[in-house]
Asks: 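Submitted below is the structure of interest, expressed as structure tokens.
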There are 2 protein chains.
Amino acid sequence: MSFTAKELLTKRGVKLTSQRLVITEYLMQTYEHPTADEILAAVAEKLPMALSRATVYNTLKTLVDAGVIREVLTEPGRTRYDANTSEHHHFVDVKSGRIVDIPQEMLPDIQKVLGDKYNVKSYTVTFYGDLNEDSK
Amino acid sequence: MSFTAKELLTKRGVKLTSQRLVITEYLMQTYEHPTADEILAAVAEKLPMALSRATVYNTLKTLVDAGVIREVLTEPGRTRYDANTSEHHHFVDVKSGRIVDIPQEMLPDIQKVLGDKYNVKSYTVTFYGDLNEDSK
DNA sequence: ACCCAATTTAGATTTAGTCTAAATACAGAC
DNA sequence: GTCTGTATTTAGACTAAATCTAAATTGGGT
Ligand SMILES: [Mn+2]
Ligand SMILES: [Mn+2]
Ligand SMILES: [Zn+2]
Ligand SMILES: [Zn+2]
């Protein structure tokens with residue numbers, strides 16, 4: 001049930017290029033939530049050719065639009081990216097900066113609590129605090 | 001029970017200057033959630049002297065640190081500011097871009113749902129959707 | 001193999017935000 | 001009310017994230 005990067009891109013109608021593959025693969029195998037610059041640094045060395053910043057940003061936008069990855073906003077001024085596209089939320093460990101996933105099911109159903117004045121299409125919850133030491 | 005900007009700054013130990021006063025007053029009387037540039041544009045004309053961008057950013061940081069205002073992050077790359085410092089969350093009307101306040105009490109208690117692995121100090125919920133027409 | 005639209009590229013540009021060092025202003029001491 | 005030291009403000013340079021541009025490249029369908 002778990003797709004390869006190649007299968008995922010094909011399934012979502014994204015044309016295959018080596019840049020798109022390696023960026024998608026990188027995001028699928030990390031549990032961190034890297035920024036565009038972090039992705040560029042990590043992925044550049046895996047590619048035989050040069051990788052331009054414009055391509056990283058173009059690719060990330062393409063992947064977000066295609067639903068292959070999502071943006072994560074936890075702090076001002078830096079957009080992070082996440083290959084986990086299931087509905088989930090984030091916990092920021094304020095000491096280490098680590099960002100861990102919180103599945104939708106861990107939260108009570110707040111989709112409906114706002115009543116009919118607000119037509120909620122989506123929502124995000126970001127928690128800030130300390131992660132107790134037994135962190136995976 | 002409602003403080004003036006001057007009283008609030010004094011109470012929080014922030015030295016009074018005309019720039020800080022006019023920025024605080026502006027934020028206290030708007031229900032929008034303006035960016036630094038929007039604040040600069042709105043406030044510059046109310047001051048007899050010039051107002052520099054550095055001062056706007058310095059002042060906003062001072063006010064956030066003193067707890068007079070808070071930052072609001074709803075979209076990548078733009079930090080917004082809010083004189084409503086009560087614990088509350090935000091609803092973004094995706095059509096108009098308007099951001100409205102959602103009081104903490106409207107939500108079920110999700111402070112405690114994460115169990116003891118996560119020590120939650122604060123959390124923010126941002127909703128995206130449509131506001132039904134009777135918007136104030 | 002050929003072709004062409006889609007993609008990538010390097011570098012310029014934009015924009016939010018920070019930094020610097022000199023000028024100014026507030027607030028407490030007198 | 002004046003003095004005075006420190007905090008604040010200023011203009012403008014600078015940094016860093018993200019976007020744009022126009023030329024070069026690519027890869028997938030024929
Ligand atoms: Mn910026
Ligand atoms: Mn940026
Ligand atoms: Zn995540
Ligand atoms: Zn608010």
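Letters A, B, ... mirror the listed sequences (proteins, then strands); counts begin at 1. Hydrogens, waters and symmetry mates play no part in the numbers below; they use all other heavy atoms, side chains included.
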Asks: Give T79(B) one of three labels, base, sugar-phosphate or nothing, depending on what nucleic acid heavy atoms sit under 4.0 Å from its own.
Replies: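 Answer is sugar-phosphate: T79(B) comes under 4.0 Å of backbone atoms only.
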Asks: Indicate whether OP1 or OP2 belonging to dA16(C) is found under 4.0 Å from a side-chain N or O atom of R53(B).
Replies: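 R53(B) to dA16(C) OP1/OP2: no side-chain N or O under 4.0 Å.
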Asks: Does a side-chain N or O of K61(A) approach OP1 or OP2 of dT19(D) to a distance below 4.0 Å, or not?
Replies: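 So the side chain of K61(A) is within the cut-off, an N or O lying under 4.0 Å from OP1 or OP2 of dT19(D).
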Asks: Does OP1 or OP2 of dT9(D) have a side-chain N or O of T17(B) closer than 4.0 Å?
Replies: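 Yes.
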Asks: How long is the line joining CZ of R20(A) and P of dA6(C), in whole Å?
Replies: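 Going from CZ in R20(A) over to P in dA6(C) covers 11 Å.
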Asks: How long is the line joining OH of Y57(B) and P of dA11(D), in whole Å?
Replies: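 To the nearest whole Å, that distance equals 16 Å.
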Asks: When the nearest nucleotide of DNA chain D is assigned to P76(B) and to T59(B) on a heavy-atom basis, which residue is associated with the more 5' position?
Replies: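 The 5'-side residue here is T59(B).
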Asks: Under 3.5 Å, is there a donor-acceptor pair between the H90(B) and D82(B) side chains?
Replies: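 Present: a donor and an acceptor within the cut-off.
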Asks: With a 3.5 Å cut-off and no angle check, do the side chains of N84(A) and S86(A) form a donor-acceptor pair?
Replies: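 On atom types as modelled, these side chains qualify, holding a pair under 3.5 Å.
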Asks: Can a donor-acceptor pair be found between the side chains of S96(A) and D93(A) at a distance below 3.5 Å?
Replies: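 Result is yes, a qualifying pair exists.
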Asks: Side chain of T55(A) only, please: which of dT8(C), dT19(D), dT9(D) is the nearest?
Replies: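 Side chain of T55(A) sits closest to dT8(C).
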Asks: In whole angstroms, how far is the P atom of dA22(D) from the CG atom of N58(A)?
Replies: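 Rounded to the whole Å, the gap is 15 Å.
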Asks: Think Q19(A) has a side-chain N or O under 4.0 angstrom from the OP1 or OP2 of dT26(D)?
Replies: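 The answer is no; no side-chain N or O of Q19(A) sits under 4.0 Å from OP1 or OP2.
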Asks: Categorize K15(A) for me: base, sugar-phosphate, or nothing, with a 4.0 angstrom heavy-atom threshold over every strand shown.
Replies: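 If one applies the 4.0 Å heavy-atom cut-off, K15(A) turns out to touch the sugar-phosphate alone, with no base involved.
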Asks: Using the closest heavy atom to pick a nucleotide of DNA chain C for each, name whichever of D37(B) or S18(B) lands nearer the 5' end.
Replies: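 This one resolves to D37(B).
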Asks: Taking atom P of dA17(D) as reference, at what distance in whole Å does atom CZ of R78(B) sit?
Replies: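 About 18 Å, once rounded to whole Å.
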Asks: Check whether the side chains of S52(A) and T55(A) place a donor and an acceptor atom closer than 3.5 Å, and report yes or no.
Replies: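 Yes, because at least one side-chain N or O of S52(A) sits under 3.5 Å from a partner of the opposite role on T55(A).
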Asks: Nearest to the side chain of A36(A) - dA18(D), dT9(D), dG28(D)?
Replies: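 Minimum distance to the A36(A) side chain belongs to dA18(D).
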Asks: L51(A) CG to dT7(C) P: how many Å, rounded?
Replies: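 After rounding, the gap between these two atoms is 16 Å.
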Asks: I want to confirm an ordering. Mapping V14(B) and Y81(B) to their closest nucleotides on DNA chain C, which one lands closer to the 5' end?
Replies: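 Whichever sits nearer the 5' end wins; that is Y81(B).
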Asks: What is the distance, to the nearest angstrom, from the CD atom on E75(A) to the C1' atom on dA16(D)?
Replies: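 From E75(A) CD to dA16(D) C1': 13 Å.
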Asks: Can you tell me how far C1' of dT26(D) sits from CE of M49(A), to the nearest Å?
Replies: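 Rounded to whole Å, this separation is 9 Å.
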Asks: Before accepting this row, confirm whether a basic side-chain N of the pair E25(A)/K6(A) lies closer than 4.0 Å to the acidic partner's carboxylate O.
Replies: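 No.
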Asks: Rounded to whole Å, please give me the gap between CG in L21(B) and C1' in dT9(D).
Replies: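 One finds 15 Å between C1' of dT9(D) and CG of L21(B), rounded.
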